[in-house]
Protein chains: 2
Amino acid sequence: MTVTIYDVAREANVSMATVSRVVNANQNVKPATRKKVLKVIEELGYRPNAVARGLASKKTTTVGVIIPDISNSMYAELARGIEDIATMYRYNIILSNSDQNENKELQLLETMLGKQVDGIVFMSDVISAELLKEMERSPTPIVLAGSIDESAAIASVNIDYYGAAYEAVKKLVDNGHQKIAFIIGPLTSMINKEYKLKAYKEALADAGIDYDEKLIVECNNSYDEAMEAVQTLAPVEPTAYFVSNDEMSIGVIHAVEEQGKKIPMDVEVISYENSKLARMARPMLTSVAFPLYDIGAVSMRLLTKYMNNEEIEEKQVILPYRIEERESTKND
Amino acid sequence: MTVTIYDVAREANVSMATVSRVVNANQNVKPATRKKVLKVIEELGYRPNAVARGLASKKTTTVGVIIPDISNSMYAELARGIEDIATMYRYNIILSNSDQNENKELQLLETMLGKQVDGIVFMSDVISAELLKEMERSPTPIVLAGSIDESAAIASVNIDYYGAAYEAVKKLVDNGHQKIAFIIGPLTSMINKEYKLKAYKEALADAGIDYDEKLIVECNNSYDEAMEAVQTLAPVEPTAYFVSNDEMSIGVIHAVEEQGKKIPMDVEVISYENSKLARMARPMLTSVAFPLYDIGAVSMRLLTKYMNNEEIEEKQVILPYRIEERESTKND
DNA sequence: GTGAAAGCGCTAACAA
DNA sequence: TTGTTAGCGCTTTCAC
């Protein structure tokens with residue numbers, strides 16, 4: 001029914017090996033033979049079976065991608081970066097959402113290894129000990145994208161979260177603020193808790209400002225919770241906000257304006273993401289640029305090096321960040 | 001090196017067939033045998049090779065998903081709907097971006113069929129004749145998600161684009177508007193050109209309002225172009241805007257406000273998407289609810305029916321839409 | 001309830 | 001330059 005390499009070989013009066021060579025662009029085929037085979041392939045509508053090929057060659061040209069949630073624009077951006085580079089290197093992608101659920105992550109890893117992917121790009125706020133153990137034991141290479149593994153056992157691509165947060169808070173401090181609120185994502189996330197929050201504290205300490213726990217509000221990264229956070233903070237009267245992502249920043253802006261305050265005159269806001277939303281907000285958001293697309297792309301590129309057994313010059317890649325100044329802060 | 005079904009069989013003193021039965025939860029295994037096999041599987045850390053399984057069984061439990069661009073929130077939402085249902089039915093997803101490029105679409109189809117996916121969910125603004133031909137010839141089932149094939153040859157899941165647009169425009173007409181601008185996405189898209197635009201024209205005609213071509217501005221679905229469109233339209237002074245998606249609607253709102261006009265008092269706006277953004281806009285957007293997640297989920301569900309040779313009661317599924325009234329229109 | 005054996009469609013030595 | 005021949009690791013009859 002379906003036409004196989006054997007059918008082509010028979011019709012072209014050559015061996016399967018020759019057909020295989022033609023299909024795989026092996027140079028050791030006489031042009032005339034190649035042409036003849038190609039003609040038969042065309043006539044029969046032969047399409048190589050990648051599953052059989054994968055079994056024989058032990059390569060599937062497929063990589064697994066495990067991310068929290070593709071419907072979240074940050075992860076979607078990351079995924080696009082991964083996919084573009086994957087396509088460039090002729091890999092396909094098996095994409096799965098983990099919802100940051102450890103069991104799901106573990107199971108997804110297992111499934112993908114079972115499917116014999118050639119490599120895996122993984123993203124999660126927390127890499128549990130068990131997950132780490134499984135990753136280290138994995139027969140196929142894994143790269144962490146925008147995810148921290150403090151043991152540095154697994155390759156990863158990140159930005160300097162601490163430095164970025166420090167610089168953002170310092171900018172607020174330099175603008176004269178004393179009461180700087182921090183609307184932060186879940187503290188279960190390593191990056192939030194160990195990097196951003198620490199940077200916030202140290203930037204304040206370095207400026208001689210006392211740390212006030214009341215100024216920290218943990219949110220689930222959503223617009224609604226950010227709005228609520230601002231309402232909760234009203235009694236404290238913060239004059240500046242450092243906010244963990246663009247969606248929450250828009251919530252902050254709206255809530256602050258509801259209080260009758262003007263941005264940036266009365267209150268300044270710095271976001272941390274710099275997605276398309278940052279320019280769609282009014283006022284437009286000053287934001288730490290968190291290059292998700294690039295992190296995805298570089299992660300995938302790094303993975304290709306592992307898959308090809310290329311030399312790895314740097315296992316823990318740190319990409320540059322910058323602060324994009326727009327209208328939600330007073331700039332020079 | 002890697003442990004195979006054969007190793008397990010040897011260690012457990014049973015045949016490969018028995019191990020296979022255990023792994024596949026076949027009931028024809030004595031409990032004692034099952035237990036023994038399971039123990040060996042555990043000890044050896046055996047993980048079934050899905051590629052070998054796929055070759056032998058001719059099923060990969062993988063479906064292909066071809067969408068324009070995962071970094072666009074509409075398609076990301078769709079993808080999440082697809083993935084959730086796929087997971088429910090134990091399928092994995094190979095996700096690829098086509099950027100609506102016909103050659104890429106053709107080539108992706110080919111690649112996925114080569115990878116022996118069990119089914120494909122496809123989305124694109126235009127399904128060319130050649131693409132259609134390939135789809136009809138495809139040995140594996142294909143479902144179109146949010147995409148029109150007027151020949152109805154391929155299964156599909158959509159909403160009533162015409163009805164939704166008609167109702168939106170009628171609402172504007174009923175609110176007394178005569179100069180209703182239509183900020184529409186690319187007219188290369190079937191849905192825009194053959195459904196939405198037609199609905200717009202007929203809703204006006206039915207209200208006895210002359211069609212004015214100048215009120216139609218074709219955009220690339222982006223915030224920036226929508227803003228420009230409003231500026232271009234300034235001389236015509238539209239009093240209402242029907243806009244093809246939320247991002248553009250926000251552009252329209254900002255541009256209208258720059259003209260010193262108030263929404264909805266001076267100008268009304270109806271969007272067409274109803275994403276998270278609709279609630280994050282100020283004023284919040286009245287919008288036709290285009291249920292992308294559901295379209296993805298239903299498409300995938302429909303695909304499972306084809307893959308299982310279940311009875312298909314409806315090949316062309318039409319999902320309900322509704323209009324979500326918020327602040328960008330005057331409501332009763 | 002269990003086993004033997006024939007493939008699934010291809011790649012990759014190794015020969016020729 | 002081309003062909004022969006083992007597998008790759010599993011499922012699936014068909015016997016027993």
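Every chain is numbered from 1 and lettered A, B, ... according to where its sequence line falls, protein lines coming before strand lines.
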Members of residues 108-119 of chain B that approach DNA chain C, where some heavy atom sits under 4.0 Å away: none
Interatomic distance, Arg10(B) CZ vs dG3(C) P [rounded to whole Å]: 15 Å
Lys305(B) and Glu313(B) ion-paired at < 4.0 Å: yes
dT2(D) OP1/OP2 closer than 4.0 Å to side-chain N/O of Thr33(A): yes
Phosphate OP1/OP2 of dG3(C) contacted by Thr18(B) side-chain N/O (<4.0 Å): yes
Residues Arg80(B), Glu83(B): salt bridge by 4.0 Å N-O rule: no
Considering all heavy atoms, the nearest Ile154(A)-Lys315(A) contact: C-CE, 4.0 Å
Pairwise side-chain contact, Asn49(B) with Thr4(B), heavy-atom cut-off 4.5 Å (strictly under): no
Table of protein N/O atoms under 3.5 Å from nucleotides 8-12 of chain C N/O atoms:
residue: dC8(C); atom: O3'; partner: Lys58(B); partner atom: NZ; Å: 3.1
residue: dC8(C); atom: O2; partner: Ala56(B); partner atom: N; Å: 3.3
residue: dG9(C); atom: OP1; partner: Lys58(B); partner atom: NZ; Å: 2.9
residue: dG9(C); atom: N2; partner: Ala52(A); partner atom: O; Å: 3.3
residue: dC10(C); atom: OP1; partner: Tyr46(A); partner atom: OH; Å: 2.5
residue: dC10(C); atom: OP1; partner: Asn49(A); partner atom: N; Å: 3.0
residue: dC10(C); atom: OP2; partner: Ile5(A); partner atom: N; Å: 2.4
residue: dT11(C); atom: OP1; partner: Asn24(A); partner atom: ND2; Å: 3.1
residue: dT11(C); atom: OP1; partner: Arg53(A); partner atom: NE; Å: 2.8
residue: dT11(C); atom: OP2; partner: Ser20(A); partner atom: OG; Å: 2.6

Salt bridge flag under 4.0 Å for residues Glu134(B) and Arg137(B): yes
Sugar-phosphate, base or nothing in reach of Asn13(B), heavy atoms under 4.0 Å: sugar-phosphate
Spacing of Asn28(A) atom CG relative to dA16(C) atom C1', expressed in whole Å: 15 Å
Any donor-acceptor pair under 3.5 Å from Thr111(B) side chain to Gln107(B) backbone: yes
Interatomic distance, Gln27(B) CD vs dT2(C) C1' [rounded to whole Å]: 15 Å
Main-chain N/O of Pro186(B) paired with Asn192(B) side-chain donor or acceptor, under 3.5 Å: yes
Integer-rounded Å distance: dG1(C) P and Asn26(B) CG: 9 Å
Donor-acceptor under 3.5 Å (Asp69(B) side chain, Ser71(B) main chain): yes
